[in-house]
Amino acid sequence: MESRSSDNVLSLSSITKRFGDIVACNEVDFNVPAGTIVGLLGQNGAGKSTLMNIVIGLYQPDEGSVYVQGTEVKIRSPKHAAELGVSMVHQHFSVIEALSVWESVCLGDKSTYDPDSVKDELFVLAEKYGLEVDPNSRISELTPGQRQRVEILKCLRRDPKVLVLDEPTSVLTDEESAKLFDVVQRVVEDEGRAAVLISHKLDEILYATQHVVIMRDGRVIERIATEDAEAGFLAEAMVGRKVSLRSSGSAFGLTEKEDFKLDVPDIENTKSSSLVLRVENSSCVDDRGRRLEAFNLDAFAGEIVGVTGAEGNGQSLLADVLSSLVPLDAGSISVDGKQISTGVSGAMSEAGIAVIPEDRHHSGCALELTVAENLIVNRAKQLSRWGIIRKETRDRFVNDLIKKYDVKASSVEQIFGNLSGGNQQKCVVARELSASPKILVAVQPTRGLDVGAIEFMIEQIKSAADNGVAVVLISTEIGEVLELSDRLIVMYRGRNQLEMVRKDFEVEAIGAAMAGESR
Amino acid sequence: MKIFLFSEKDRSENNFFKLFDSAYLNDTRKLLFAFLVLFCLAGGLFFSGLLVAAVGGSPTKVLSSLIEGSFQTSGAFGRTLVEAVPLLLVSIGVIVSFRAGHYNIGTEGQVAIGALFSAVIALQVSGPEWFVIVLAILGSFLGGAIWSGIAVGAYLWRRVDVMISTLLLTFIAPNVVLFAVSKDYLLLDTTKSNTRLASQSERVPVEKRLPEFEVFGQELHWGVVVAVVLSLLLTVLLGKSVWGLKVRLLGANFVTAKRFGVTQGKEGATALLLSGGFSGLAGGMIVMGSAFRLQSHIANDFGWDGLLSALVSRLNGYFALLSSIFFAALRTGSSFLAATGVSRTITSVIQGLMVIAALMPAALIVVISRSDFGRKRFGNQKKGEDEC
């Protein structure tokens, strides 16, 4: 058993948390020594968020105990956690745009407050930690980096012992990130404080932390001092040796490297046959700071190209370009040798590019329309006569899809938003694949799905490729990409950092490329 | 005063008007909603009664005169239906534009401009009577569409918020009409009957008005038939056609819509132009069917009431038939109220109270289903997804 001495500001011992049959955290021990930043690394679904939600009192553990500064506590709610000195900076900002900085900082205070003293307080804190931000400016005028500073100020004002940062850099530029970590470093240097940094960006874990804890499948796999760690090692530990764990192939065990080779299709052959999608020298920047820089990608019929990288390195922008949502500044995209105009409504979809989007609520469906309407938006014309959608034809088509993809809906007229997330995702997949596309772009296709749904999704992607569709799998989950791809591209700051064919797959090199190291 | 403008994102995801969308109702909520409608209308009547009693009138007498004035006396029902025509047309137009995610709230101005167009044609075009009538009606549609077209143009050119531009255009429209009816070289009535040269046009000659007919002793004009047919047609198209699906997809999620080739420029603009056109048509119906002459206040709140009627119908074209009759009844009935000795101002307060009562359920249902009690009973049976 780990030491539980009081120099650990926060200490978790044998925490177990189950959701139904799924064990999200399995006997997790986790210590945060005073004066350090501890990195918590793991893929989506590894259990990091569950663990931290226990720490801030959103969930109660089924087993195990939580110690804050050496005393055992039961954290009942986020408010209680804050009283105990555990504060979280959330991934998605919880500040209100219409308020000013000092107003958002006091939001939620019980006592009455005096604007001037709050501003003074903010000034002192800002001075101390280098978090300069004008207390009078309005949140809506701030950059993402400044908004985050406000969040942190809000936490610091309550004098926390442990600061939990949940993927804090997902919307920040590199410069802002570096600045943020300097601030956090200064915060923990104060007496008796510590911080937890949740992330799946290897480079920032290496840069900012003193210890790393790696979780996988609800367990702590590795805990080491950061100075002894390197990107390749971390990537491997994060993904694990059981690379094919997702497709029921746990029996492969240690022989996964050989396995890769067995699966490799004759890539040279397919290459000569048909190039379907070509993304050439594509560059663009959007107003959220996402960028592509001279990015290249070829996809051939029947192969799966994995596009990976730490989050925020241009993958989502690539997906948006391929969804005709964003125009390119330079470069071109062609399907079957024919150039497609970018950013033109409907052009990509017409050219045969199907997309399973990262956020289906954003660009994959319409929550207020019915299940049937969502399933036919890309083919309404074919199902209609004289401009009127023929009900019988439509219902036959929709019911076939519902059956084939095993969607659980009470009727075809059910409001789409009332379906569960997994069933919504199935509908999106059903619609996209039913249009017999030439190219399937799947973006983080398994994120947020349960185990069964993940398996289904993987099946669909594989069978699409088997049927001659060129699949572009954009995912930050290295395991998924390694398991499925025939070829992979690592993106770093919008560029091609690394390309590899399946027989050369090497987790260490991929990890290094994700952290921006070139070979 | 601060005005908060909706950003593009807020508009699609978190909009006040979505409360009025029937898609928001699930099955358990529908019952609750029906109950709330009755409850709120009863509440509206109750408070109206209190008000009447407070100024020394008799609540029962007021209620019965409201009903008499709008339905019971001879010809009253016909008058109510004629009054409902412009309301229905405005409502249908509003429904189309709201469904497309564009909030055209400038219907009042579009009604006025539509009226102007039809008056110009009816008074100044010579030709066979039926031809002039058809042309005037079509012209009123065009007029309304042009007025909303200004907002469409500003939106497409510089993304000017449609809600703001249509609203502001509303304040310009009556002045345009006033200008037209106060210049003798335009539409000013210069006949002898208008001795004081009031700002109004000549009367539309009887043979150029919408032809009338009688059913069950109620006098109606052909505009009633046109309005009902058009609104049913548009409701069916919106619900069942490819175009309708595109429009609703655009309103529900414009990002998804963009992926599938549905654009603000095409489907969005069409919906807004149609919406303006229908309001203009309402103006044409007023000039050609009941007012017979143009004045600067020709729109007479028909645009606003039609907008409310659309909201009360929860953007459902079939319910709009009913809600426009309800609002028309309030208008015709309240002209009878004056006869009970209750002052005219009280009448408009009562009208306002009834409108609030009709709009309350939509807001209440949100409040209820967000409360702990409501969540348990009426919440979506959506499976919670625990992310771990």
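Treat the numbers as computed from the prediction; the structure is a model and nothing was measured. Throughout, protein chains are lettered first and strands after them, A, B, ... in sequence-line order, and every chain is numbered starting at 1.
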Salt bridge flag under 4.0 Å for residues B:Arg259 and A:Glu432: yes
Between CZ on residue B:Phe254 and OG on residue A:Ser363, distance to nearest 0.5 Å: 11.5 Å
Atom group of B:Val236 that falls short of 4.5 Å from chain A, counting heavy atoms: neither
Side chain B:Asn253, main chain A:Leu367, donor-acceptor under 3.5 Å: no
Minimum heavy-atom distance B:Ser241-A:Ile388, with the two atoms named: CB-CD1, 3.9 Å
Pick from A:Pro357, A:Ala366, A:Gly387 with the largest number of heavy-atom pairs that fall under 4.5 Å of chain B: A:Gly387
Test: B:Arg248 and A:Glu373 ion pair at under 4.0 Å: yes
Contact origin within A:Cys365 toward chain B - heavy atom pairs under 4.5 Å: backbone
B:Tyr318 OH: over 12 foreign heavy atoms closer than 6.0 Å: yes
Where A:Ala380 and B:Leu245 come nearest, the two heavy atoms and their spacing: CB-CD2, 3.9 Å
Greater than 12 external heavy atoms within 6.0 Å of A:Glu350's CD: no
Residue A:Arg431 versus chain B: region with a heavy atom under 4.5 Å: side chain
Heavy-atom pairs under 4.5 Å with chain B, option from A:Leu383, A:Leu325, A:Asn423, A:Leu51 with the top count: A:Leu325
A:Arg379 atom CZ, over 12 foreign heavy atoms within 6.0 Å: yes
A:Ser345 side-chain N/O to B:Lys258 backbone N/O, donor-acceptor pair under 3.5 Å: yes
Distance in Å, B:Trp243 CH2 paired with A:Ser384 OG, rounded so as to fall on 0.5 Å steps: 14.5 Å
